[in-house]
Structure formats: C-alpha cells, structure tokens
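Report on the following structure.
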Amino acid sequence: MFTGIIESVGKVKSMQPTGGDIRLTIESDDLDFGDVKLGDSIASNGICLTVVEFGSNHYSVDVSRETIARTALEELKAGYIVNLEKAMLPTTRFGGHIVAGHVDGVGVVSKLQQDARSIYIEIEIPQELAHYTATKGSITVDGISLTTNLVRDNIVSLNIIPHTAQVTNIAKHWLVGSKVNIEVDIVARYLERLINKSQTSGMNAPSPQSQITEAFLADNGFMK
C-alpha cells in the first residue's frame, strides 16, 4: 500500500527483454535503500513492482506482459525519469490517499499550460474510469496523489504546484500526448461494490440489507 507522496525520482538504467517479460532496472541516488529487501514492493510511476535484485543505488523488477499491456510502461526507455515510492509503514505520515499501486488504465495528457506559478493540466482518462472520479477528489497519476480541479466527462483537470512538478517527472517528461498511468480512488471502487451488492442481495441467499444507498451517499457528500 502507498500514499502517492513521491519519495524520490529514479532513472531507468535498462529494460532487458527476458523470456517474453521485461527485467527493468532503476537507479536512484536519492532513494534510501537501507531498509530495502528482496520481495519488497516499490511503486515505480505508480506501478507496484516487486524487487528481485538490488544494490546500493539501484533495484531490478520483473514486469509481466499483463502489466506491460495495462500500463504506460512501454513508453519508458533508458534515461527516463520515474517517480518512486516505497511501500508505506504503519508509522508513515499519511500525506496523500490510499494508493494500491494497481494501475487501472492509461491516460493521455491533452492540455498543458502555465497558470501563474502552477502548471494547468488536462488528462483524458479511459471512459470506463470516468465515473470513479469526482471534482475535488483524489486520483493517482504516474504514482502521484493529486486533487482534481474539475471532471468533465472523461477529462480530468489538475493544477500542479512548482514543488510537485520539480520533485517528480512532471516537469521533465509530461507533454501534450504523453501517456500516464492512472489509478482511481480505491474508496470509489468499494462504494460501487457495496451499492451493487445492496441492489442485488435479494437474488441470492438472505443476507443483512446494506444501509448504504445512493441517497445515503448523496446526503453525506459522497456524490454530487
């Protein structure tokens, strides 16, 4: 589990095809490798990946064809800057939101312009993910926990403050047309599951009726 608060950036050292998969090696002089162990999870551009080898300033992960197909990982190449976050600890300050590192789809930067000292960005996300987003809600883009300004159909608008732009890969790599990894708020997915369960509970064996309804969510500020 992650928070979407980027700890450091790294640089793609190599992407080595291995039996149909990819062995990805990322190096970073800023990430603390003192507590990294084999089998640990490190979110790399928002993708939860398992460490299979590491050294004092690098780690390697194996990336399956499933992950390649569902993320923007194919956009990476040697020298590309990626956002890094190690899995959170129980004592970690929870500065972002709950991030699983399970990419839901790939978005495309459709607009990018300066807005005072911030960068105004619009991202077109897959249509099937649009209903999980909300104005002033949370969304994870390339592993970064961000707050949406506005959601119009499947277009999400964001304002990136100078600090966030500089300590992530935004200032270095995001351009109009760039592909980015999208993870929607996991709470929205569970709410949808609960609503669907309450609506279909009568089709199965008797079970306690859920008190969570669309009207309840709207009354308590979860829906607009």
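Nothing here was measured: the structure is a model prediction, and the numbers come from that model. We use all heavy atoms of the structure for the numbers below, so side chains are in, but hydrogens, waters and symmetry mates are not.
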Let me confirm one number: the [atom1]-[atom2] distance from [X] to [Y], rounded to the nearest 0.5 Å.
{"X": "T147", "Y": "I160", "atom1": "OG1", "atom2": "CD1", "answer": "9.5 Å"}
{"X": "L158", "Y": "T164", "atom1": "CG", "atom2": "OG1", "answer": "11.0 Å"}
{"X": "S118", "Y": "Q113", "atom1": "OG", "atom2": "CD", "answer": "11.5 Å"}
{"X": "T91", "Y": "L89", "atom1": "OG1", "atom2": "CG", "answer": "5.0 Å"}
{"X": "E122", "Y": "N149", "atom1": "CD", "atom2": "CG", "answer": "9.5 Å"}
{"X": "D62", "Y": "T67", "atom1": "CG", "atom2": "OG1", "answer": "10.5 Å"}

So, [X] side chain and [Y] main chain: donor-acceptor pair closer than 3.5 Å or not?
{"X": "N196", "Y": "R193", "answer": "no"}
{"X": "S138", "Y": "H97", "answer": "no"}
{"X": "S8", "Y": "D30", "answer": "no"}
{"X": "T140", "Y": "G143", "answer": "no"}
{"X": "E7", "Y": "K86", "answer": "yes"}
{"X": "T148", "Y": "L150", "answer": "no"}

Is there a side-chain contact between [X] and [Y], using heavy atoms and a 4.5 Å cut-off?
{"X": "I121", "Y": "I170", "value": "yes"}
{"X": "I155", "Y": "I125", "value": "no"}
{"X": "I123", "Y": "V141", "value": "yes"}
{"X": "I47", "Y": "N181", "value": "yes"}
{"X": "N45", "Y": "N169", "value": "yes"}
{"X": "E124", "Y": "N154", "value": "yes"}
{"X": "F2", "Y": "S145", "value": "no"}
{"X": "I161", "Y": "R117", "value": "no"}

Minimum-distance pair of heavy atoms, taken over all atoms of [X] and [Y]:
{"X": "D21", "Y": "R65", "value": "OD1-N, 3.5 Å"}
{"X": "G10", "Y": "S28", "value": "CA-CB, 3.9 Å"}
{"X": "H102", "Y": "E183", "value": "N-OE1, 3.4 Å"}
{"X": "V180", "Y": "V109", "value": "CG1-CG2, 4.4 Å"}
{"X": "V156", "Y": "V151", "value": "CG2-CG2, 4.4 Å"}
{"X": "M1", "Y": "V99", "value": "SD-O, 3.4 Å"}

Lys/Arg N to Asp/Glu carboxylate O, R70 vs D104, below 4.0 Å: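 Answer for the salt bridge query: no.
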
For E53, all residues meeting side chain to side chain donor-acceptor pair (under 3.5 Å), sequence neighbours excluded: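 Counting only residues at least two positions away or on another chain, E53 forms a side chain to side chain donor-acceptor pair (under 3.5 Å) with H58, S60.
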
D40 and T50: CA distance, side-chain angles, deciding distance, side chain to side chain contact (heavy atoms under 4.5 Å, CB included) verdict: CA-CA 6 Å; D40 280 359; T50 301; over 6 Å; no

Quiz: residues 11-19 side-chain donor-acceptor pairs under 3.5 angstrom, not counting sequence neighbours:
| from | atom 1 | to | atom 2 | distance (Å) |
| --- | --- | --- | --- | --- |
| T18 | OG1 | Q16 | O | 3.1 |

Of N83, V167, D142, V82, the residue whose pairing with I6 passes side-chain contact (heavy atoms from CB on, under 4.5 Å):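 Answer to the side-chain contact (heavy atoms from CB on, under 4.5 Å) test with I6 among N83, V167, D142, V82: N83.
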
Indicate, with yes or no, if [Y] and [X] share a hydrophobic cluster defined by side-chain heavy-atom contacts under 4.5 Å among Ile, Leu, Val, Met, Phe, Trp and Tyr.
{"X": "L73", "Y": "V106", "answer": "no"}
{"X": "L38", "Y": "I42", "answer": "yes"}
{"X": "L31", "Y": "V61", "answer": "yes"}
{"X": "F33", "Y": "L84", "answer": "yes"}
{"X": "L76", "Y": "I68", "answer": "yes"}

Test side chain to side chain contact (heavy atoms under 4.5 Å, CB included) applied to V63 and T71, step by step: CA-CA 11 Å; V63 185; T71 67; over 6 Å; no

Derivation and outcome, side chain to side chain contact (heavy atoms under 4.5 Å, CB included), residues I182 and V103: CA-CA 6 Å; I182 301 294; V103 175; 5.6 Å; no

Other residues, nucleotides, ligands: >12 heavy atoms within 6.0 Å of L112 CG: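 Yes, CG of L112 has more than 12 neighbouring heavy atoms, counting only those of other groups under 6.0 Å.
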
Over 12 foreign heavy atoms within 6.0 Å of CZ, F94: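 Yes.
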
No-hydrogen, no-angle side-chain donor-acceptor test under 3.5 Å, S44 and Y59: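 The answer is yes; a qualifying pair exists.
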
D29 and N57: side chain donor to acceptor below 3.5 Å: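 Short answer, yes.
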
Residue pairs passing the ring pair (Phe, Tyr, Trp, His ring centres under 6.0 Å) test where at least one lies in residues 164-185, sequence neighbours excluded: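 Sorted result for residues 164-185: Y80-H173.
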
Residues I119, N159; criterion side chain to side chain contact (heavy atoms under 4.5 Å, CB included); working and verdict: CA-CA 6 Å; I119 303 174; N159 265 77; over 6 Å; no

